[in-house]
Structure formats: C-alpha cells, structure tokens
Amino acid sequence: MEQVITRFAPSPTGYLHIGGARTALFNWLFARHHGGKFILRIEDTDRERSTEESIRAILDAMQWLGMDWDEGPYYQTQRLDVYRDYLQRLLDKGLAYYCDCSPEDVERRRQEALKAGKKPKYDGRCRDKGLGPGPGRVVRFRCPQVGTTVLNDLIKGAIEFENSELDDLVLQRSDGYPTYNFAVVVDDVSMKVNYVIRGDDHVNNTPRQILLYQALEAPLPRFAHVPMILGPDRTRLSKRHGATSVMAYKDQGYLPEALVNYLARLGWSYGDQEIFSRQELIEKFDLDRVGASAGVFDQEKLLWLNAHYIKEKPAGEIAGLLKPFLAQRNYPEHDDAYLERAVTTLQPRCRTLQEMADAIAFYLVEEVDYDPKAATKFLKPELAAPLRSLIETLRGMEPFQEEELEKAFRRMAEEMGVKLGKIAQPVRVALTGVTASPGLFEIIDILGKETVLRRLEKALEFVEARAQ
RNA sequence: GGUCCCAUCGUCUAGCGGUCUAGGAUACUGGCCUCUCACGCCAGAGACACGGGUUCGAGUCCCGUUGGGACUACCA
C-alpha cells in the first residue's frame, strides 16, 4: 500500500479553534496510525486577513496539543511560482481563460439572476473572448457544463453533483494570487497528499476541485469529510458559544490530554471506550469509525475528562503545570516538595488547573481569611476551651503526622463526648477559612506544626473576641 | 431561493435485519463511604423525529415529510 500522506491546512486568520484542532487531530492520527506523513500548510493567500500573529498562535496550539508534523509548515504565499506554473498548463490547454469582468459587474449580475429566480452563477461572459493577461483581470476555470461529478467520500459515501450547478470559478485573482480552490488542489497534487480529511463545510467545494484534478490530469486523493462541531444551539461552533480557541482552554487550566481525548471522541468512537491515551488513539483511530452526523461540543464532558487526567497525572507534573497559574495569583513562594504534597490532596477535587490554583490558596498564603458564613457557624465562643486544649495537645505532638493527628483528634472527641465532626469543622475553618477542603489530618500534616498552631491561635483570638 | 449533508437518552455515542423489553459515557436524582467537600462504589430516571414501503422480521434497507446544518466570493 502506498504511503498515506495527510495534511492540515489552516488559514491564519485567527487562532486555532476547536473545529480546526479536531480536523488536524484526525489527519494527524490517521497519518500516525498508518505510518504515513502529516504535512502542515498555511493557507495565507488572503493577504487582507492573514496575520503573523495567527500563524504563531496556530503553531503554538499544535505544539501544545502534541501534534507534530513531518513537513512544513509550507506557506502558500511562498509558492506563487508553483501556482503560476500549474495555471499556465491550464491556460495552454484552453481549460482556463482570462476574464475582465469587474467584481461589481459580476456581483450585480449575480443579484439580478437571483432576483429573476435563477442560479447566481458567473454567466461565462468572457469564456470565449480570448483575452490575454492584463491589469484587473482574473483567470477563470472553464468548468464542464454537462455531466455528473461524483465524490466517493470515505465518511459520507457517494455524493453526486451535476456539473451544470457549477460555474467558472476564479483560479487567480486580479492581484495575481491564487484562490483557495485552486491553491488547495495544486498544493495537494504537488505535495502528493492522498487523503484529504477536512470539515464537511467543504463538501460543496469538492466537485470543482475534482474537476480541477481532472483538468490537471492528476490522480484523485481519497476524500473524508468529517462533520461539523456545533454549539449548544446546534449552529456551527463559534465565538458566540464561548471559548473556541484551543489556547483559551490551556489558559483555563485544561490539560492537552483531555482536549485531545475529548476531540477524538467527538465524531469518532471505539465501542464503549471513553478514555484513550495518545498511543491508544494512534493504534485505534481509523476513518471507518468516524460518524456522519454533526456533534455538539459538550463543555461538561470535557471537564470530566480533564478531571480524570488531573487525577491520573503524577502530582509532580501537575505541580509544574500549575506554577504559571500560581504566579498569576502572586502567592508566596514555596518549595516543590511542599507544593507537590498540597497538589496530591487537591487532585481528586479539582477539574481544572484554575480551580486548583484557587483551591490551593490556604496552603500557600500567610494568613487565611474566614468565609463569614463559615466563621459564624463554626467559630463560636464556646469553642475557646476546646481550642485551647487542642493547641496544647498539638504543641506537644512529636512526630506531627497524619496518622498520629487523627488518633489525637479522635481521642479528644471521645473525651469530650462529641462526634469527630464537631471539632473537625471548626478546625477546618480555622485552617482553611472555609468548610470544604481536603482531609483535615493531611492538611494539618502538610501545613506543619508552626502554621497550624499560628492559625489555631488566631482562631482562638477570634472566638474569644466574639465572646465579649 | 438553489445545491449538498445529517437525524438513537439533554449531550457524546454503541448498534452495521432477528441476541434491542436499545448498551456505555457525561450531566441529573437517590443511596453507600465519610471529619467537610470531592473521589470511588451502587441504584434510578432518560432516546430509536414522523409517515409510508421492502421483509417472516426494521433503530438497522428504500422513499417521502418534518427538523437541523453547511455551501452558494477575486474568504478559506
């Protein structure tokens, strides 16, 4: 079997979004699965909207998601001579022609046709004028007007198009740059791309492209049009639906493993399996298990996957990834070992790194602030005595460790004739400021004797003040 | 308007004519665990859009209806 060659060809007119990322992922996975080649190509022929910044952002996102490419990035604007060469072949064969209709005229005639209830196609006015190159002139494809073009899509099956529906599309703009439909074909032909995997918003472009392949006498690639990703309102996912940029997910504290896993399962499935490592994805991914219908992007499920990967990853790695988020919050510095222990207790409790960076606050700040409700409910005046005795007990404890601490607390609760929770909750508030936290004894162990005693004494002062 | 695509729980999906009184995941609800919150475990509720065919038999095949989506540029 010939080597599989796929490509991802974004246009640098914005950030890499969720939909593009999935298209890239499917191409990447397909190539890796088949031991093929994955090419990255930047389609920057729209000089108005393409930006350097977007290119940077797309490359960053590809890298963050762990999708490496074997060739490229190629830039279409650096391949202008290639398009001219191919265009000349078409011109020489009479399969393309110059056209001097102004954009305004074409648009006006289009509107008129529409109003008259006809198809808004280019009317072929310059088809046989025999025009040569000149300022303001474009080159159009002499599109066959009879016959049927069939697209044998790997995902959707056979789709037929009447050539009479198609018109003479522009191949080269008046500024000399190729248009998308032409550049994409020339690139895929010259780069020997044999599997074109892209969003199904391109289905209607495909017959023209097939016709161009034929005009160029180039072998046809296999096409696979993957369904769109929709927002909750079932329209094409866009900024309106919230974060759609891949890097926005990084900033929100998502792990690339989670996003990759989620995106892979959106539109593709493998029996009942939900969790896939990158390696498993490469082993198991194939086009025959890609569904034909559009899917809604479900933030909740992504969150669940992210929580899964946060729990699963070694604490040391999570701690490292967490640092930038900590820096945003200006917490005091702590050593890695301490951070790692704190992270361990938070892993089952946080769905994103942002959540974790918030939750870890009490471990890192000098003094905690009490949540007013929590303080009112649990730091009551009658706690003064128990707190005093607790402080005494803890002061004398050596070693100051989780297991011993738990025993001491249980003993104390028993002596007082109350349930453990009765003293655990006030202490929790004293140490963390809130009523929900990791296990009390692991917290005490990690915070260390000095911090714990300091916070307990502050709590004692607080309850004593309330007593007056 | 025209062309094209799509249609199983709210969402992602399994299902490739009989084993489907439709399975899994997520979200939701209840319970267990428990020092709180999570995690985890158990249980529950929840779907084949509709109408015709084909067939001994249809979620599965065909047609239509309805609904949704995409495209219709000198954007990609």
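To find a chain, count down the sequence lines: A is the first, B the second, and so on, and within it residues start at 1. Being a predicted model, the structure only gives us computed values, none of them experimental.
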Worksheet item: Which residue, A:E160 or A:Y180, contacts RNA chain B at a nucleotide closer to its 5' end, judged by nearest heavy atom?
Response: A:E160
Practice prompt. Write down the distance separating the C1' atoms in B:G46 and B:C12, rounded off to the nearest Å.
Written response: 15 Å
Discussion item. For a quick check under 3.5 Å, do A:Q425 and A:R428 share a side-chain donor-acceptor pair by atom type?
Written reply: yes
Fill in: Verdict with reasoning, A:D286 to A:R289, per salt bridge (Lys or Arg N to Asp or Glu O under 4.0 Å)
CA-CA 6 Å; A:D286 215 334; A:R289 300 199 64 92; over 6 Å; no
Worksheet item: Is there a Watson-Crick or G-U wobble partner for B:A25 with both distances under 3.5 Å, and if so, which one is it?
Response: B:U11
Fill in: Watson-Crick/G-U partner (both atom distances under 3.5 Å) of B:U36
none
Item to complete: Mind checking A:H225 for me? I need base, sugar-phosphate or nothing, with any heavy atom below 4.0 Å counting as a touch.
Response: nothing
Item to complete: Pick base, sugar-phosphate or nothing for A:Y177, based on heavy-atom distances below 4.0 Å to the nucleic acid.
Response: nothing
Practice prompt. Give A:R47 one of three labels, base, sugar-phosphate or nothing, depending on what nucleic acid heavy atoms sit under 4.0 Å from its own.
Written response: nothing
Worksheet item: Choosing from B:A70, B:A73, B:A76, which nucleotide comes nearest the side chain of A:R236?
Response: B:A70
Worksheet item: In terms of side-chain geometry, is the basic nitrogen of A:D123 or A:R110 positioned less than 4.0 Å from the acidic oxygen of its partner?
Response: no
Worksheet item: Mind checking who B:G59 pairs with, Watson-Crick or G-U wobble, both distances under 3.5 Å?
Response: none
Practice prompt. With heavy atoms under 4.0 Å as the rule, sort A:T435 into base, sugar-phosphate or nothing.
Written response: base
Worksheet item: Which base, if any, makes a Watson-Crick or G-U wobble pair with B:A45, both distances under 3.5 Å?
Response: none
Fill in: Partner nucleotide of B:C50 by Watson-Crick or wobble geometry (both distances under 3.5 Å)
B:G64
Discussion item. For A:Y370, does the six-membered ring have the charged nitrogen or CZ of A:K458 within the cation-pi criterion, i.e. under 6.0 angstrom from the centroid and within 45° of the normal?
Written reply: yes
Worksheet item: Of all the choices, B:C35, B:U13, B:G24, which nucleotide is nearest to the side chain of A:L266 once you look at every atom?
Response: B:U13
Discussion item. Heavy atoms only, 4.0 Å cut-off, all strands: where does A:R49 land among base, sugar-phosphate and nothing?
Written reply: base
Worksheet entry | Minimum-distance nucleotide to A:R349 side chain [options: B:C12, B:U36, B:C35] | B:U36
Worksheet entry | Atom-pair distance (CH2 on A:W268; C1' on B:A25), nearest Å | 14 Å
Discussion item. Students often get this wrong, so: under 4.0 angstrom with heavy atoms, is A:K311 touching a base, only sugar-phosphate, or nothing?
Written reply: sugar-phosphate
Discussion item. Using a 4.0 Å heavy-atom cut-off, does A:C99 contact any base of the nucleic acid, only the sugar-phosphate backbone, or nothing at all?
Written reply: nothing
Worksheet item: For A:L305 and B:U26, what is the distance between atoms CG and C1' respectively, to the nearest whole Å?
Response: 9 Å
Worksheet item: What interatomic distance, in whole Å, is found between P of B:A38 and the corresponding atom of B:U21?
Response: 39 Å
Worksheet item: Relative to the 5' end of RNA chain B, which residue comes earlier, A:L420 or A:A158, by the nucleotide with the nearest heavy atom?
Response: A:A158
Discussion item. By the 4.0 Å heavy-atom rule, please label A:E274 as base, sugar-phosphate, or nothing.
Written reply: base
Worksheet item: What does A:V138 touch in the nucleic acid at a heavy-atom separation under 4.0 angstrom: a base, only the sugar-phosphate, or nothing?
Response: base
Practice prompt. Could you work out the separation of B:U72 and B:G53 based on their C1' atoms and round it to a whole Å?
Written response: 34 Å
Worksheet item: What nucleic acid atoms does A:I159 come within less than 4.0 Å of, heavy atoms only: base, sugar-phosphate, or nothing?
Response: sugar-phosphate
Worksheet entry | Parallel, tilted or perpendicular: rings of A:F30 and A:Y195 (30°, 60°) | tilted
Discussion item. For a quick check of understanding: with a heavy-atom distance under 4.0 Å over all strands, which category does A:G439 fall into, base, sugar-phosphate or nothing?
Written reply: base
Worksheet item: Between A:K301 and A:E274, does at least one N-O distance fall below 4.0 Å, as a salt bridge requires?
Response: yes
Worksheet item: Looking only at atom P, what distance separates B:G51 and B:U60, rounded to whole Å?
Response: 12 Å
Worksheet item: Given the C1' atoms of B:C61 and B:G18, what is the spacing between them in whole Å?
Response: 15 Å
Item to complete: Look at the side chain of A:N306 and the backbone N and O of A:G253, then say whether any donor-acceptor pair between them is shorter than 3.5 Å.
Response: yes
Discussion item. Over all strands shown, is A:P438 touching base, sugar-phosphate only, or nothing at heavy-atom distances under 4.0 angstrom?
Written reply: base
Worksheet item: When all nucleic acid strands are considered with a 4.0 Å heavy-atom cut-off, which category describes A:S174: base, sugar-phosphate, or nothing?
Response: base
Item to complete: With heavy atoms under 4.0 Å as the rule, sort A:T13 into base, sugar-phosphate or nothing.
Response: nothing
